[in-house]
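Single-structure report; data block below.
Below, chain A is the first sequence line, B the second, and so on; all start at residue 1. What's counted below: heavy atoms across the whole structure, side chains too, no hydrogens, waters or symmetry copies.
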Protein chains: 2
Amino acid sequence: MQSLSESLGTRIRAMRKLKKFSQDGFALQCGLDRSYMGRIERGEVNITVEKLYRISKELECEPVELLPKINDIAI
Amino acid sequence: MQSLSESLGTRIRAMRKLKKFSQDGFALQCGLDRSYMGRIERGEVNITVEKLYRISKELECEPVELLPKINDIAI
DNA sequence: ATGTGACTTATAGTCCGTG
DNA sequence: ACACGGACTATAAGTCACA
């Protein structure tokens, strides 16, 4: 079972690629550092809800589309 | 328009009351200090996604039930 | 049972680089 | 373009005392 951060990162990456954004261009859009976006997508960090919304906004999706179901992750 | 943290806090409080939990009993369940839970419910802090999941788990709901729609808050 | 101030500690998030 | 890291800085996390 994936961790929450891993699952979230995987979903963010998939959605970003769907939108044909580069990682660093997308980070810039979100007002985040490029190295931090890499860490997010690799599931190395536990982002705040505020950043989740910022990322969702730039991906033109609802946060729920990026969040795993509660029973699909280890808590 | 409410801020994200305010909207999230309001929803957490409403769901907690629905479950008939006291603030400090609920904080304990979540492994948090009751004063910190108070700040979350008042929207004074910007929690991480991990905390959101911990709280959702104890409220027996999905995170999406606690999160406002992206167009309903100021980003 | 809850709000608030004043903390300390942990970690989110930045800025610089390398291959 | 992206992975990965070191060394920062800002802020979330967590504790306690008092109202």
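Residue side chain Ser35(A) reaches the base of dC15(C) through a donor-acceptor N/O pair under 3.5 Å, judged by distance alone. Residue-to-nucleotide contacts include no donor-acceptor pair under 3.5 Å from the side chain of Arg34(A) to the base of dG5(D). Under 3.5 Å, the side chain of Arg39(B) and the base of dG5(C) form at least one donor-acceptor pair of N or O atoms. Judged by distance alone with a 3.5 Å cut-off, no donor-acceptor contact links the side chain of Ser22(A) to the base of dC2(D).
Contact annotation for Arg16(B): backbone-only contact, meaning every heavy-atom pair under 4.0 Å involves sugar-phosphate atoms and none involves a base. Counting any heavy atom pair closer than 4.0 Å across all strands shown, Gly31(A) reaches sugar-phosphate atoms only and no base atom. Nucleic acid contact class of Glu41(A) (heavy atoms, under 4.0 Å, all strands): none. When heavy atoms are screened at a 4.0 angstrom cut-off, Asp24(A) is found touching the sugar-phosphate backbone but no base atom.
Between the CG atom of Asn46(A) and the C1' atom of dA13(D) there is a distance of 11 Å, rounded to whole Å. Here the P atom of nucleotide dT2(C) and the CZ atom of Phe21(B) are 13 Å apart, to the nearest Å. Rounded to a whole Å, the CG atom of Leu28(A) is 12 Å from the P atom of dA1(D). Atom P of nucleotide dG13(C) and atom CD of Glu50(A) are separated by 8 Å, given to the nearest angstrom. Here dG13(C) presents its P atom at 14 Å from CD of Glu44(A), a figure rounded to the nearest Å. The CG-P distance, from Leu32(A) to dT9(D), rounds to 20 Å in whole Å. Distance CG (Asp33(A)) to P (dT14(C)): 6 Å, rounded to an integer number of Å. Remark: P of dT15(D) and CD1 of Ile40(B) are 12 Å apart, rounded to the nearest angstrom.
Remark: Arg54(A) engages Glu58(A) in a salt bridge, criterion side-chain N to carboxylate O under 4.0 Å.
Residue Arg13(B) places no side-chain N or O under 4.0 Å from the OP1 or OP2 atom of dA1(C).
Arg34(A) is not listed as a side-chain neighbour of Leu28(A), based on a closest heavy-atom distance of 4.5 Å or more. With contacts defined as side-chain heavy-atom distances shorter than 4.5 Å, the pair Arg16(B)/Met37(B) does not qualify. You'll find the side chain of Val49(A) reaches within 4.5 Å of the side chain of Leu67(B), heavy atoms only. At a threshold of 4.5 Å between non-hydrogen side-chain atoms, the residues Arg11(B) and Glu65(B) do not count as touching.
When each of dG3(C), dG14(D), dA13(D) is scored by its nearest atom to the side-chain atoms of Thr48(B), the top-ranked nucleotide is dA13(D). Side-chain proximity of Gln23(B) to dT2(C), dC4(D), dT4(C): nearest is dT2(C).
Nearest-nucleotide positions on DNA chain C for Ile47(A) and Tyr36(B) put Tyr36(B) closer to the 5' end.
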